[in-house]
Structures are given as C-alpha cells and as structure tokens.
Asks: 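Sharing a structure with you now.
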Amino acid sequence: MLHLKFIRENQALLVERLKLKNFDAFQLISKIIQLDDQRRQTQNIQDNKQAEGKRLSGKIGALINSGKQEDANKSKTDSSRLKEEIKTLNNQMQEISSTMESLLIQIPNIPHESVPPGKGEQDNFEERRYGVIPELEASAIPHWDLGKKYDILDFELGNKLTGAGFPVFKGKGAKLQRALIQFFLDEAIKAGYREIIPPLMVNEASGFGTGQLPDKEGQMYYIPSENYYLIPTSEVPITNMYRNVILEAKDLPVKNTSYTPCFRREAGSYGKDVRGLNRVHQFDKVEIVQIVHPDKSYDCLDEMVSHVEQLLRKLELPFRIMRLCGGDISFTSALTFDFEVYSAAQQKWLEVSSVSNFEDFQANRLKLRFHEESGKKNKIAHTLNGSALALPRIVAALLENNQTSQGIKIPAVLVPYTGFKMID
RNA sequence: GGAGAAAUGGCAGAGUGGUCGAAUGCGGCGGUCUUGAAAACCGUUGUCCGCCUCGGCGGACCGGGGGUUCGAAUCCCUCUUUCUCCGCCA
C-alpha cells in the first residue's frame, strides 16, 4: 500500500510510472484524493465539536459542584445535541476511511526506474547467465521418471494419500530434501540471518498484512473452523512478526530466515508446465527476509541476489537471472529478480527464486516503522524477501542434470549433508 | 473441556465516574557536578490524525468492539489473550 501523503504529492508522477505495470491509476487516485479531502473536512468539523463537548462537560461538572443544577441541566441538553452530531460525523468518517482504504490497496507499488517495459515474461531482461548446460545422453529422462526409476519420488502415492500435487519423497529422495533444507539454512545463517520456525497457519490479520488478503483467498488453503490460512510462503508469518512494530534504527537491518513447507492451491493451473515437481500444492522452501533502512534497500537487494547466486553456483546448476519487466513484476514489488535453473531433460528454464525489494509498500500496510534517532519522526522501513531456495524445481534440475548411466550424482557441497554421493 | 482471576505508557505498577494521556519507580535521552566515570540532583521521555502565521493549536488512543452517561481507564455487554486450579494429553 502506498502512503496517502505520497499519493497526494506525486499524483502525476504516480500515474505515469504505473503505466509501466500496465495499470491506469488516474481514476483511482482522483477518487482517493477526493475522499481524503472529504475526510479532512469532516475531521475538522468533528474535532471542533468534540473540543466544544469537552469544554461543556467540564462546565457541567463545575456547575453541579457549585449547586447550580438548573444551569447544568441546560448545558446537558446542549451537550446531548452535540453528541448526536458527533456520532453522525463519526459514522461518515468511518465510511469515508474504509472506502478510501479499499481503493488504496488497489494501487500497485511503483516500479523502480530500472524495471524494463514489457507485457509479460517474454519481455523480462536477462541480467546474466552462469554455468554450462549439460549434454545429456540420449537415454536421459525427466525427473518424474527418474523418481520412479530410483524409487525416491512418488506422485501416485501422494495422490492416494491426499490428491494431485502432493508428492511423496522416499529413501534417498527424502534425505536429499532434508540435505537441501539444511544446506540452505546453514548458508543463510552464515550470511547473518537468524533462523525462525513460525506457525504454518496464520490468521486473517497476517494475511492482510502481507497482501494475500483480500482478493487472493483462492490461492491459500483455508481452515474454516478456526478462520486460519495455511501459509503459501513463510514470508507471511516472518514479515508479520513486525506488524505494528517500531524498531530502533540501530537494530537495522533485521535479517530473518525460515524453512517451512508452503501450501498453494494453484487453482486453475494445468497442462505440461505443472507436470512432476514443476508445480505442486505442498513444497519446501527456505526464505530470507530483510527489514532495512530506506537508504540501503537497493544495496540489500544486491546482497540477497548474490546470496542466492552463490547457492546455485555451489549446487553447480546452470542458471540465469532475470530482471522482471513491468508486466511481469508483482503488484507489491518495486524491483524483482527471478532466478531460473535449466532443467536439462525437460529442456526448459524453471523459476526457483524470486528476490524482491518492496520498498515501503509492504511496511506501510504493516505499519512497520523505525526510530531514526530520538526526537525525530518515525519512518516507514523497507522490506525485501527472496527464496533461498524453493526445493521442488531445484530437485527436478539436480535429478535431471546429474543423471548418468550409473545413477544420479549428488553435488559435492551436499554430500556432507546426504551422506551419499550417488542415488542409484 | 470445567471453575476462578486479570489485561493501564519501553518495563514494573497506582488509579472505581469530572480537574487523567494518566501518580510513582526503573529504564532511555539531555544537563549540573567531576580530570573522567559512578552516585546525587534538575529537566525530558508514547502513537496516530487534522489545522496552521511552522512557534504552536485541536482531536483520538488505558487488550479489540459495542453500550450507559452531559462526562468513562473507571460502570454494563461482548470478543480476544494471559495467569491459577481441576480434567485430558504428545
């Protein structure tokens, strides 16, 4: 959510910049400013009436104390009348505010100036590429077949237990999952992140705080009996830890990391893109989240990008980094880099990480602020997050790219975690 | 699951209808004293919104929501959370 003050002061600029996200904000913004004017006007009247009411109440008290009951009764009538007026005004205020809020949350974040124009993923800009795309033998097979061949990954069993999109990992497949999680967490901790294990269900307020609610209910699993949502990413609980929090400038940056399973309904997905591990309803992910000083957020974004880059290099996976264009970047993000690994048997790039700077968009909605120094006004912090990393597509690429006639080779960096060098 | 108690500023903790955004203590910040520090003393110390002649002025907030009253931290209703006791349990 953008700050009202910013919207008021940068109306034209905002409309212009949001065109990059293919969003026409003109009507919305005009309406918001009009409502805000109304709100201010109403508040002014209400404040004055309330001040008058306060004075009157004090007077009544004094009159009663000095025994002037009749004068007091007369003032009581005035006061009652005032109260009615205030109540009406207050109702108006609430209505205006809630309408304004519902409009405010419809405006997307402003894209950073380096965001390239474009309509969709085909227009994303490739920043750089690393690694060599392996030449597989003619007998190479995709990961869903490899999973069956080595009995490490079972989609049919998941289907029996739950339904489509809930894979079962077995034996060395399960161990590989655990190894990756451990490796990612260790690397994050080495990079200065604090590990958190959050709840896997969140309430409505948290869903709202990070922008899943309202409107995106359909993407989350919902527990009606408790009114809870299964988290689609640990970003939700980890970021909401700081909802309504005022930090000290000296505590920044705040760096948290968390491994959790993630649950996504992915309603409406179908076709070959969702085969195997490419898209599932439950998957594991290690997330990194930072809360930083506004002056530093783009340096932090670089730092996070390079962290993810190092992970992929250590796993010896070929990857490319994409700077998302205006049409593909998310509603909440100012600048996003996607990481894609090459899955050699499927012969396609798979998105494994998305690293974003939200600037103050998320923090504003969360009311996440910090004290610049004593005596100065509090400021909205900047937030960033990134996957480091999401497991399923990493596993898909590792299995496919490292397959040999002897079995699947485990990258050297993971061997201390798996305890084996080959899946065979 | 049953019974009872409670929720106040960064923390502790007063306040049971008006003069209370709220005593006091601790902590924080600034100062006096000191070669420096400690102690002592003095001052200051929440968030949000609006107005403005940028010095100020007004309003809201005592767990959330609603009500009673001219007036609510204080009374009533409701929700949430915490604590104690009992039961159940990994």
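Each chain gets a letter, A, B and so on, in the order the sequences are listed, and its residues count up from 1.
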Asks: Just name whichever nucleotide pairs with B/U82, Watson-Crick or G-U, keeping both distances under 3.5 Å, else none.
Replies: B/A5

Asks: Consider the side chain of A/A51, meaning its heavy atoms from C-beta on, and name the nucleotide among B/C48, B/G59, B/C70 that approaches it most closely.
Replies: B/G59

Asks: Ring-plane angle category for A/F166 and A/H281, please: parallel below 30°, perpendicular beyond 60°, tilted otherwise.
Replies: tilted

Asks: Looking at A/D424 and A/Q406, what are the two nearest heavy atoms and their distance?
Replies: CB-O, 3.4 Å

Asks: Taking the same atom, C1', in B/A22 and in B/G15, what whole-Å distance lies between them?
Replies: 8 Å

Asks: Pairing check on B/A40: which nucleotide meets the Watson-Crick or G-U wobble criteria with it, both distances under 3.5 Å?
Replies: B/U32

Asks: Which one, B/U47, B/C70, B/C51, comes nearest to the side chain of A/R40?
Replies: B/C51

Asks: In terms of side-chain geometry, is the basic nitrogen of A/E287 or A/K285 positioned less than 4.0 Å from the acidic oxygen of its partner?
Replies: yes

Asks: Rounded off to whole Å, could you give me the CG-to-P distance for the A/N90 and B/G59 pair?
Replies: 15 Å

Asks: Check the distance between B/C48's P and A/K5's NZ and give it to me in whole angstrom.
Replies: 12 Å

Asks: Using heavy atoms to find the nearest nucleotide of RNA chain B for A/L4 and A/Q94 separately, return the residue whose nucleotide is more 5′.
Replies: A/L4

Asks: Within 45° of the ring axis of A/F420 and under 6.0 Å from its six-membered ring centre, is that where the NZ or CZ of A/K172 lies?
Replies: yes

Asks: Please determine, for B/C88, whether a Watson-Crick or G-U wobble partner exists with both distances under 3.5 Å, and give it or none.
Replies: none

Asks: Does the structure place the NZ or CZ of A/R365 under 6.0 Å from the centre of the six-membered ring of A/F208, at an angle of no more than 45° from the ring's axis?
Replies: yes

Asks: Write down the distance separating the P atoms in B/U68 and B/A72, rounded off to the nearest Å.
Replies: 11 Å

Asks: Give a yes/no answer on whether the side chain of A/N48 brings an N or O atom under 4.0 Å of OP1 or OP2 in B/G59.
Replies: no

Asks: On RNA chain B, compare the nucleotides closest to A/K87 and A/G61; which residue's is nearer the 5' end?
Replies: A/G61

Asks: Looking across every strand, which nucleic acid part, if any, lies under 4.0 Å from A/Q50 by heavy atom: base, sugar-phosphate, or nothing?
Replies: sugar-phosphate

Asks: When the distance from NE2 of A/H3 to C1' of B/C49 is rounded to whole Å, what number comes out?
Replies: 11 Å

Asks: Counting only side-chain nitrogens and oxygens, does A/R39 get under 4.0 Å of the OP1 or OP2 atom of B/C49?
Replies: no

Asks: Closest approach to the side chain of A/K54, judged atom by atom: which nucleotide of B/A60, B/C70, B/U47 is it?
Replies: B/A60

Asks: Say you pick atom C1' in B/C48 and the same atom in B/G43; how far apart are they, in whole Å?
Replies: 27 Å

Asks: Counting only Watson-Crick or G-U wobble pairs whose two distances fall under 3.5 Å, which nucleotide matches B/A60?
Replies: B/U47

Asks: Output the single nucleotide from B/C51, B/U47, B/U68 whose closest atom is nearest the side chain of A/K83.
Replies: B/U68

Asks: Rounding to an integer number of Å, can you tell me how far A/K367 NZ sits from B/C61 P?
Replies: 17 Å

Asks: Between B/G46 and B/G30, how many Å separate the two P atoms, rounded to a whole number?
Replies: 15 Å

Asks: Write down the partner of B/C70 under the Watson-Crick or G-U wobble criteria, each distance required to be under 3.5 Å.
Replies: B/G18

Asks: Provide, to the nearest angstrom, the distance between the CD atom belonging to A/E52 and the C1' atom belonging to B/G71.
Replies: 15 Å

Asks: If you measure only the distance, is there a donor-acceptor pair under 3.5 Å linking the side chains of A/T332 and A/N109?
Replies: no

Asks: Write down the partner of B/G25 under the Watson-Crick or G-U wobble criteria, each distance required to be under 3.5 Å.
Replies: B/C11

Asks: Taking only side-chain nitrogens and oxygens of A/R55, does any of them come within less than 4.0 Å of OP1 or OP2 of B/C70?
Replies: no

Asks: Check whether any side-chain N or O of A/K59 sits under 4.0 Å from OP1 or OP2 of B/U19, and answer yes or no.
Replies: no

Asks: Rounding to a whole Å, what distance do you find between A/K76:NZ and B/U68:P?
Replies: 16 Å

Asks: Does A/D47 contact B/G58 through a side-chain donor or acceptor facing the base, at a distance under 3.5 Å?
Replies: yes

Asks: Would you please classify the geometry between the A/F183 ring and the A/Y417 ring as parallel, tilted or perpendicular, with 30° and 60° separating the classes?
Replies: perpendicular

Asks: With a 4.0 Å cut-off on heavy atoms, is A/S75 in touch with a base, just the backbone sugar-phosphate, or nothing at all?
Replies: nothing

Asks: Heavy atoms only, 4.0 Å cut-off, all strands: where does A/I246 land among base, sugar-phosphate and nothing?
Replies: sugar-phosphate

Asks: The side chain of A/I60 lies closest to which of these nucleotides: B/G18, B/G58, B/C51?
Replies: B/G18

Asks: What integer number of Å spans the C1' atoms of B/G21 and B/U45?
Replies: 13 Å

Asks: Flag the pair A/E309 and A/R313 as a salt bridge only when some basic side-chain nitrogen lies within less than 4.0 angstrom of an acidic carboxylate oxygen.
Replies: yes

Asks: Rounded to the nearest Å, what distance is computed from the NE2 atom of residue A/H371 to the P atom of nucleotide B/C29?
Replies: 13 Å

Asks: What distance, rounded to whole Å, do you find between the two C1' atoms, one in B/C77 and one in B/A12?
Replies: 31 Å

Asks: Expressed as a whole number of Å, how far does the P atom of B/G18 sit from that of B/A73?
Replies: 10 Å

Asks: Rounded to the Å, how far apart are A/E84 CD and B/C70 C1'?
Replies: 12 Å

Asks: Once you apply a heavy-atom cut-off of 4.0 Å, does A/L56 come out as touching a base, just sugar-phosphate, or nothing?
Replies: nothing

Asks: Tell me the partner of B/G55, counting only Watson-Crick (N1-N3 plus N6-O4 or O6-N4) or G-U wobble (N1-O2 and O6-N3) with both under 3.5 Å; none if nothing fits.
Replies: none

Asks: On a whole-Å scale, what distance lies between the P atoms belonging to B/U24 and B/U44?
Replies: 11 Å

